[in-house]
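Only one structure is covered here, and it is reproduced in the block below.
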Amino acid sequence: MLVSGPVGPRDESQIWTLSVVGGTLQKIREEGRGASISPDGSRIVFVSGDREIWLMNADGQGARKLLEVPKDYWVAGNSLVEWSPDGQQIVFLTRRREPDETTLQIHGINSGETIALLSRRVLRSFCWTHDWHILYAQPELSANEGSDSLWE
């Protein structure tokens, strides 16, 4: 199992593996959050700082910067980075203040190409399903304010 985030309230985010057999935690990266393991289990993608997405081997070795979002943006969202079902692409949210906008973006691991799939004032979370659908949540802009609607 892969775990990422701060250990304590004043700690930096770290990336850990957790053995489901023995329950043993092993730190594989000092700095990183939003880690996600590839479908084949060989690679991990994660966010470093606010604007960089990195790729490394599942054992924490061979880390390299995959992309950096533009200066006025940051990588946003709760589930920060997700893999495509074939492990050839990732999807993530970027956010900026002026104008207030959240964009769902897809990045090709091998091609290096990033495309904006969808932009809204607010997008909360997303997932890429095994059957190639991307689901995302956005706030209701009607009488149901305070709740989200789910879109495909």
Side-chain angles (χ1 to χ4, degrees), residues 1-71 73-96 101-120 122-139 146-152:
M1 178 184 292
L2 192 62
V3 181
S4 64
V7 176
R10 297 174 196 250
D11 293 331
E12 293 291 322
S13 290
Q14 301 169 350
I15 302 173
W16 300 73
T17 58
L18 174 63
S19 169
V20 290
V21 176
T24 307
L25 271 173
Q26 178 182 354
K27 182 169 40 173
I28 60 171
R29 178 83 182 176
E30 188 63 38
E31 197 275 325
R33 62 185 171 92
S36 178
I37 194 152
S38 63
D40 68 1
S42 67
R43 300 175 292 175
I44 296 171
V45 67
F46 64 95
V47 177
S48 179
D50 290 332
R51 298 181 41 237
E52 296 178 352
I53 296 178
W54 285 61
L55 182 68
M56 67 181 171
N57 298 331
D59 63 1
Q61 300 299 310
R64 66 176 175 91
K65 183 166 55 169
L66 192 58
L67 67 100
E68 185 171 344
V69 299
K71 183 180 176 199
Y73 293 79
W74 66 93
V75 180
N78 293 332
S79 52
L80 295 170
V81 185
E82 292 276 334
W83 288 90
S84 64
D86 67 358
Q88 298 302 308
Q89 300 166 313
I90 57 168
V91 64
F92 59 97
L93 293 174
T94 57
R95 183 121 175 93
R96 71 177 177 176
E101 176 183 66
T102 307
T103 303
L104 185 66
Q105 299 197 43
I106 296 177
H107 179 81
I109 299 294
N110 296 324
S111 72
E113 181 181 5
T114 303
I115 59 167
L117 186 63
L118 173 72
S119 288
R120 298 283 189 269
V122 177
L123 293 170
R124 297 210 196 279
S125 60
F126 60 90
C127 74
W128 202 333
T129 67
H130 71 288
D131 58 353
W132 290 91
H133 294 265
I134 296 177
L135 306 176
Y136 64 94
Q138 68 181 27
S147 64
D148 290 346
S149 56
L150 190 61
W151 294 76
E152 177 182 15

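Remark: R43 is not positioned above the aromatic ring of W83, lacking an NZ or CZ atom under 6.0 angstrom from the ring centre and at most 45 degrees off the axis.
The minimum heavy-atom distance between R51 and W74, with the atom names listed, is CG-CA, 4.3 Å. Of all non-hydrogen atoms in T103 and S119, the two that sit nearest each other are OG1-OG, 2.8 Å. Residues S84 and P39 approach most closely at O-CG, 3.3 Å, considering heavy atoms. Here the closest non-hydrogen pair linking P85 and T129 is CG-O, 3.2 Å. Across every non-hydrogen atom of D40 and S42, the tightest pair is OD1-OG, 2.8 Å. In this structure, A76 and R95 approach most closely via the heavy-atom pair CB-CB, 3.6 Å.
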Exercise. So I53 and H107, side-chain contact (heavy atoms from CB on, under 4.5 Å) or not? Walk me through it.
Worked result: CA-CA 10 Å; I53 296 178; H107 179 81; over 6 Å; no
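For the pair N57 (side chain) and D59 (backbone), a donor-acceptor distance under 3.5 Å is absent. With hydrogens and angles disregarded, no donor-acceptor distance shorter than 3.5 Å links the side chain of E31 to the backbone of S48.
Checked by atom type, the side-chain pair R120/T102 shows no donor-acceptor distance below 3.5 Å. Remark: the S36 side chain and the E82 side chain contain no N/O donor-acceptor pair separated by less than 3.5 Å.
Under the 4.5 Å side-chain criterion, counting only non-hydrogen atoms from C-beta, V69 is in contact with F92. You'll find the side chain of I15 reaches within 4.5 Å of the side chain of M56, heavy atoms only. Proximity of Q89 to T114: side-chain heavy atoms (C-beta onward) are nowhere separated by under 4.5 Å. Looking at L55 and I90, their side chains never come closer than 4.5 Å, going by heavy atoms from C-beta outward.
The local environment of NE2 in H130 is sparse, with at most 12 non-hydrogen atoms from other residues, nucleotides or ligands closer than 6.0 Å.
In this structure, CD1 in I44 is found 11.0 Å from CD in Q61, a value given to the nearest 0.5 Å.
Paired with F126 under the rule side chain to side chain contact (heavy atoms under 4.5 Å, CB included), one option of L118, L104, L117 passes, and it is L104.
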